[in-house]
Amino acid sequence: MAIRFLALFQVLIIYSTFLHIILPQNSCNASNIVPKLKQCGFDAIYNLGTSISDTGNSAIDNPSIWQAMFPYGKTINEATGRPSDGLLIIDYIARSADLPLVVPYKNSSALHLSTSRGVNFAYSGAPALSEEALAKKNITLDWAKPTLSVQLGWLDDYFKGYCNNVKDCKEAVSSSLFMINFGTNDYGYAFSQNHNIEEIKKNGLVSDVVEAIKQALQKIISQGARKVLVFGVALDGCRPISVTMESANKSATYDRFGCVKDNNDFCNYHNVLLQEGLKELREQHPDVQIVYGDLYNAMQSILDNSQSLGFKSLTEACCDVDVEIKKKAVLYKDKLCGAHGTIVCPKPEEYVFWDNGHCTQKANEQLADWIIQDIFPKFQCNA
Ligand SMILES: *[C@@H]1O[C@H](CO)[C@@H](O)[C@H](O)[C@H]1NC(C)=O
Ligand SMILES: *[C@@H]1O[C@H](CO)[C@@H](O)[C@H](O)[C@H]1NC(C)=O
Ligand SMILES: *[C@@H]1O[C@H](CO)[C@@H](O)[C@H](O)[C@H]1NC(C)=O
Ligand SMILES: *[C@@H]1O[C@H](CO)[C@@H](O)[C@H](O)[C@H]1NC(C)=O
């Protein structure tokens with residue numbers, strides 16, 4: 001038995017060595033080898049977006065908010081303002097590109113120290129649409145959030161100063177990676193104010209959000225961007241907040257992972273419209289690489305492979321409050337993780353979600369790996 005086992009083992013070793021020799025690296029897609037974005041030669045990363053990619057901006061403006069404090073940052077032993085127990089997708093993308101972690105725009109000292117390898121303008125709670133545009137759809141913001149157009153203004157200001165100091169600004173901009181993620185908050189505010197999916201589809205909110213993203217892309221392309229990564233929305237129906245909100249709806253339906261089907265279908269609806277918009281932009285700008293960041297399918301892949309990846313909880317928050325406190329909370333308004341009565345799970349790496357709306361570091365790392373595999377050939381990095 002032991003000998004047979006050893007023999008089999010040897011065959012496996014020989015076989016795998018053989019495979020390594022005969023297979024060119026790029027055909028090894030079934031393995032876990034994630035290509036390095038370093039090969040893409042991105043000079044810097046500029047990012048616009050929501051909490052999904054906020055590496056500290058909202059926490060710098062408001063040091064008393066939930067994500068500025070423990071247990072946020074638990075896994076990396078530092079509360080950095082990121083809405084997770086550790087790092088975000090953008091951090092793994094920066095690492096893979098062999099760039100420093102992208103500096104938050106609001107950290108002026110870091111901005112001065114940085115060697116122009118990028119800036120992060122993303123801000124938690126930021127919608128794609130302006131307060132006025134949302135008000136037209138009967139959606140109100142409870143405080144002025146740095147919307148997409150506000151973040152574009154920051155980017156403008158930054159480049160004005162930057163281009164005074166950099167010799168060939170156009171060249172530097174054209175070899176930078178621009179990333180953008182928006183949508184989840186616009187829809188989140190709408191849902192929390194009792195607008196339902198059918199109404200949102202009818203009243204044009206989704207097409208307005210997609211149009212705002214397209215206009216932002218036109219603007220950064222006119223400023224010289226040549227490599228752009230545009231994220232769709234993820235499977236928001238899997239977020240603990242969606243599952244909790246839907247629990248009052250007796251006729252709600254769930255997929256086999258416990259995610260709210262209608263919400264996921266709605267995310268897909270946004271993503272399809274967004275991709276149609278990107279197709280138009282590619283036709284208008286054949287010299288620009290406009291790549292879609294498919295968070296939806298990245299997350300689907302995590303759920304499909306949750307067992308082998310070691311995830312035990314797919315739709316519950318690792319960091320949450322006691323059930324009794326939660327019952328009294330106003331979802332979307334009251335941030336639960338970090339509030340009085342917070343309970344943190346012992347092993348965040350077994351959870352896809354850290355809090356009621358955001359992924360754990362482990363999930364972010366897996367999502368980033370999937371995205372990197374997917375975008376690598378699209379940016380023609382090994383050309
Ligand atoms: C490997 O690549 C082929 C061709 O691109 C694709 O059909 C297949 O699904 C990939 N396999 C995995 C495991 O990604
Ligand atoms: C700002 O950046 C500096 C330098 O990287 C860092 O030491 C500091 O902790 C940051 N401050 C905040 C509030 O994030
Ligand atoms: C706007 O929302 C409020 C409260 O959610 C509702 O009472 C009102 O009928 C809505 N108005 C329109 C025009 O949809
Ligand atoms: C409840 O779920 C059903 C089925 O998915 C859906 O059609 C309906 O709009 C939901 N009701 C509310 C109030 O969200």
Side-chain angles (χ1 to χ4, degrees), residues 44-47 49 51 53-88 90-91 94-95 99-124 137-139 146 154 158 184 186-203 205-206 235-270 315 330-332 338:
I45 293 177
Y46 297 98
N47 180 65
S51 55
S53 57
D54 182 354
T55 55
N57 284 321
S58 59
I60 290 167
D61 272 355
N62 185 357
S64 66
I65 58 165
W66 46 286
Q67 74 205 50
M69 290 173 274
F70 281 118
Y72 284 86
K74 178 182 188 276
T75 300
I76 54 171
N77 293 314
E78 191 189 358
T80 59
R82 289 170 172 78
S84 182
D85 58 317
L87 300 180
L88 306 181
I90 182 177
D91 297 312
R95 274 191 184 167
L99 289 168
L101 298 188
V102 191
V103 170
Y105 177 67
K106 293 277 175 175
N107 186 337
S108 45
S109 60
L111 216 54
H112 281 118
L113 284 173
S114 96
T115 46
S116 309
R117 308 310 298 273
V119 185
N120 187 8
F121 303 95
Y123 208 99
S124 296
K137 308 277 190 241
N138 205 5
I139 300 164
W154 292 346
Y158 176 79
T184 291
D186 301 75
Y187 307 135
Y189 298 133
F191 291 141
S192 70
Q193 291 167 30
N194 297 321
H195 297 273
N196 66 37
I197 289 177
E198 284 315 310
E199 178 198 347
I200 291 173
K201 280 186 178 172
K202 275 199 207 106
N203 77 10
L205 181 63
V206 182
L235 292 166
D236 287 349
C238 302
R239 301 203 299 174
I241 194 167
S242 308
V243 176
T244 309
M245 281 180 77
E246 205 62 18
S247 60
N249 185 350
K250 295 266 186 309
S251 50
T253 53
Y254 300 87
D255 69 11
R256 65 196 168 101
F257 302 111
C259 308
V260 183
K261 261 194 183 155
D262 278 0
N263 284 43
N264 283 351
D265 290 347
F266 175 75
C267 292
N268 187 49
Y269 177 84
H270 163 96
T315 61
V330 183
L331 290 173
Y332 264 105

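First listed ligand is number 1; within each ligand, the first listed atom is number 1. Predicted model, so just to flag it, every value in this text is computed and none were measured.
The closest side-chain donor-acceptor pair between Ser124 and Asp54 falls under 3.5 angstrom. Asn249 and Glu246 are linked by a side-chain donor-acceptor pair at a separation below 3.5 angstrom, with hydrogens and angles left out of the test.
Closest heavy-atom contact between Ile197 and Phe191: CG1-CE2, 3.6 Å. In this structure, Asp255 and Lys261 approach most closely via the heavy-atom pair N-CG, 3.9 Å. Closest approach of Ala190 to Leu205, counting heavy atoms only: CB-CD2, 4.0 Å.
Separation of the Phe266 and Tyr187 ring centroids falls under the 6.0 Å cut-off.
Closest to atom 12 (C) of ligand 2 among all protein heavy atoms lies Asn107 ND2, 3.4 Å. Here the heavy atom of the protein found nearest to atom 13 (C) of ligand 2 is Ile60 CG1, 3.8 Å. Of the protein's heavy atoms, Ser251 O, 3.3 Å lies nearest to atom 4 (C) of ligand 4. With hydrogens left out, the protein atom closest to atom 5 (O) of ligand 2 is Ala110 CB, 3.9 Å, a heavy atom.
Put simply, atom 9 (O) of ligand 4 has no protein non-hydrogen atoms near it, under 4.0 Å away.
Comparing Asn263, Asp265, Asp262, Asn249 against atom 14 (O) of ligand 4, the shortest heavy-atom distance belongs to Asn249.
Residue Ala252 has at least one heavy-atom neighbour below 4.0 Å for each of these atoms of ligand 4: 2 (O).
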